[in-house]
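We number each residue from 1, following the sequence as shown. These numbers come from a predicted model, not from an experiment. Whatever order the structure lists ligands and atoms in, that order sets their numbers, starting from 1.
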Amino acid sequence: MNHANKMVSTADILNASILIVDDQKTHALILEGMLRHAGYASITSTTDPYAVYALHRENNYDLILLDLKMPGMDGFQVMERLKEINTDDYLPVLAITADHDLKLPALQVGAKDFISRPYNLVEVLMRIHNMLEVRLLHTMVKNHSKVLEQTVQERTANLRQSEARFRSFTVMSSDWYWEQDADFRFTMISATQTALAECPEQLIGQTRWEGAAGTEGNEWTAHKAALEARQAFTDFEYKFRCDNGNIAWRCINGEPLFDSDGAFTGYRGTGKDITRRKQAEERIHHMALHDALTGLPNRTLLLDRLDQAIGYAGRHGHAVWVLFVDLDRFKFVNDSLGHKGGDQVIKAIADRLQSTTREMDTVVRLGGDEFVLVLPQRADETMATDAINRMMEAVAQPIVLETHQFFLGCSIGVAVYPADGTTSEALLEHADTAMYRAKEMGGNNFQFYTAAMNARLLERLSIEKDLRNAIEREEFVLHYQPQVDIRTGRIVGMEALIRWQHPTLGMVLPHRFIGLAEETGLIGVIGAWVLHTACAQTKSWERAGYGQLRVAVNLSARQFTQKDLVQSIANILAETGLAPHFLELELTESLLMNDVEAAIEILQGLRALHVQMSIDDFGTGYSSLAYLRRFPIDVLKIDRSFVRDMTLDSDDAVIVKSVISLAHNLKLRVVAEGVETQEQLMHLRILECDVMQGYFFSNPVPAETFGQILREGKCLAMEAGGS
Ligand SMILES: Nc1nc2c(ncn2[C@@H]2O[C@@H]3COP(=O)(O)O[C@H]4[C@@H](O)[C@H](n5cnc6c(=O)[nH]c(N)nc65)O[C@@H]4COP(=O)(O)O[C@H]3[C@H]2O)c(=O)[nH]1
């Protein structure tokens with residue numbers, strides 16, 4: 001009230017608008033006079049009750065002094081009409097009456113107070129003052145609540161606007177908003193996101209875990225415990241299966257909700273679709289553990305799987321076989337096909353290896369042409385080599401690329417857990433060692449690891465180191481083995497055979513280092529040295545007057561596919577002055593058969609130089625006589641294994657016979673290798689073989705010794721056939 005008093009001043013009261021309604025003009029004037037005298041300034045009088053309604057509607061008086069008894073329309077009726085204007089049920093009416101009985105009914109109809117006639121001045125002014133004060137306060141409160149209402153309206157509009165803004169943000173952002181009740185059931189999900197629309201997370205009324213996949217995991221247990229403890233959580237990631245079968249990932253944040261009494265009412269938070277991120281992470285994870293070309297596990301995953309297999313086998317007393325697989329002559333294929341073709345070959349081999357293994361086995365690509373297989377033993381089986389044989393057969397199947405057909409073999413080394421090692425590293429190392437042994441054995445076979453192999457491996461490593469320095473230290477020499485015309489008995493040429501005079505190992509034969517030189521690429525330099533030395537030596541014997549001799553030089557696979565082969569041979573011939581037809585290049589049959597079309601092209605390039613070409617070890621490779629016609633060659637060398645057995649085994653005799661007649665049909669010379677006995681020579685002479693080479697006439701000998709033989713004019717004794 002104090003507060004209200006302060007707000008309504010005397011001036012406000014005296015300036016309030018007052019209407020006096022009395023049918024008797026004099027009464028109205030008396031009252032008006034009293035009021036003016038008391039200081040009221042805004043007073044209107046009327047004697048017409050019918051005019052009151054219009055006047056009040058227009059002026060909205062603060063106070064109406066209303067005579068109750070009037071002819072035509074009395075004060076009660078006037079009040080009824082005024083109610084139409086003052087809809088808030090407040091009639092600012094002070095009833096005037098001399099009749100005591102009308103006072104109560106007047107108050108009931110809506111009058112706020114009354115004044116009695118005859119007027120008591122103090123009472124009249126008092127009541128008018130009080131009434132105006134209440135009236136003005138009432139108006140003030142009404143206005144105030146109007147302002148309040150307006151403020152509320154404005155605030156509500158602002159709120160709506162910001163809510164709309166929030167909505168549009170959530171629509172535009174990849175996140176969404178959700179709410180749950182105290183049982184963690186969704187009560188609201190702002191579900192307009194495309195991600196959600198495509199793969200709705202949960203339905204209203206369901207819990208989050210009803211649609212999730214793999215909820216028995218530890219992370220879900222921890223999450224549910226956090227919910228039970230009413231804790232906020234951030235970045236909880238989980239996956240679930242959509243209706244279309246796809247797996248989707250979500251990341252959510254949430255906070256608990258409590259009412260004003262502190263009781264838990266549920267959770268609310270945001271959600272985000274992280275399926276793409278998870279897929280990318282999975283891809284990266286897969287890439288880190290797999291080989292990009294073949295999709296097979298890589299070395300990292302190998303170590304993991306092998307550790308697991310060893311752990312399991314150790315607990316159950318089982319074995320694990322570790323196979324180290326390396327393709328034979330892959331470098332040759334890769335060089336002749338280019339990288340793309342090489343990749344296709346690797347993929348094909350990877351598929352074949354996988355198709356021959358069981359589900360529990362692991363096939364790994366280490367890189368290049370190296371694979372590792374982990375074959376754990378099953379409880380009900382004994383490990384057998386059948387699996388390895390199957391693998392080798394699968395690899396050996398012809399590979400067809402465009403018009404090319406290839407044959408690849410592989411060398412496999414096997415180390416067995418626990419006999420050959422109890423750690424992944426030891427098993428891999430020993431399988432690798434065994435694989436090298438298989439390579440040394442000529443490839444296309446498998447070897448089980450033995451402790452002795454380690455010693456060989458160490459020797460190999462030291463040889464490899466020394467090989468690199470051998471050229472500079474001039475440790476290589478060529479030995480020459482005479483080739484003799486069987487009809488005339490005269491030396492017509494020689495094969496140049498490399499030897500390595502190793503400072504500690506002594507004389508090292510080619511089979512111990514040529515393969516290594518191939519693998520390390522040193523064969524390029526070594527091969528060029530051999531060619532140069534052999535041509536120069538031959539030319540010098542020619543100059544010395546020992547006749548015109550042809551020198552045969554072995555070409556390795558890697559040399560054969562060397563891009564500048566033709567040019568470098570032409571250079572050597574020019575440098576040494578040897579006529580091209582005195583140089584014979586020996587190529588092995590398997591080297592040519594690897595990729596027939598490419599081989600023909602290279603041979604044609606060499607043919608243009610007018611050098612001679614021979615097929616070495618004929619009969620040992622994948623003989624394809626059909627191709628012989630297409631190779632521009634001059635000589636066939638019958639492998640010494642046939643020569644050795646031709647006098648013992650009639651099959652071999654038949655083979656030698658048919659090779660000689662086939663070669664003659666094709667206008668090729670035939671050289672028989674490894675002739676060791678008189679009997680062999682006799683046979684060859686009967687079969688009309690052209691040239692012989694072998695211990696029977698001479699071992700390979702140093703150049704000086706060969707010069708000596710030439711000087712002496714050594715010939716094959718014609719009658720007896722001996723030297
Ligand atoms: N059992 C027996 N063996 C005989 C007889 N006559 C000769 N031999 C041996 O047979 C091999 C013939 O050489 P190849 O077949 O071309 O086989 C050669 C050839 O493929 C390769 N080689 C030798 N020198 C070179 C070279 O300079 N470059 C390349 N790339 N390879 C070479 O190493 C292989 C082995 O060479 P070597 O150990 O010198 O072995 C030589 C030779 O000593 C015989 O009557 N009985």
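- Salt bridge annotation for Glu597-Arg630: present, with a cationic side-chain nitrogen under 4.0 angstrom from a carboxylate oxygen.
- A salt bridge between Asp369 and Lys331 is absent, with no side-chain N of the basic residue lying under 4.0 Å from a carboxylate O of the acidic one.
- Within 4.0 Å of ligand 1, the residues that place a heavy atom are Gln481, Glu495, Leu497, Ile498, Arg499, Pro510, Ile514, Val530, Asn554, Ser556, Glu586, Asp616, Asp617, Arg640, Glu673, Gly674, Val675, Glu676, Gly694, Tyr695, Pro700, listed by chain and number.
- Residue pairs that meet the salt bridge (Lys or Arg N to Asp or Glu O under 4.0 Å) test with at least one member in residues 561-586, sequence neighbours left out, are Glu584-Arg669, Glu586-Lys637.
- Ser556 and Glu518 form a side-chain donor-acceptor contact under 3.5 Å, judged by distance and modelled atom types alone.
- At a threshold of 4.0 Å, the pair Glu393-Arg390 does not count as salt-bridged, since none of the basic side-chain nitrogens sits closer than that to a carboxylate oxygen.
- Classification of Asp634 and Arg607 as a salt-bridged pair holds, one side-chain N sitting under 4.0 Å from a carboxylate O.
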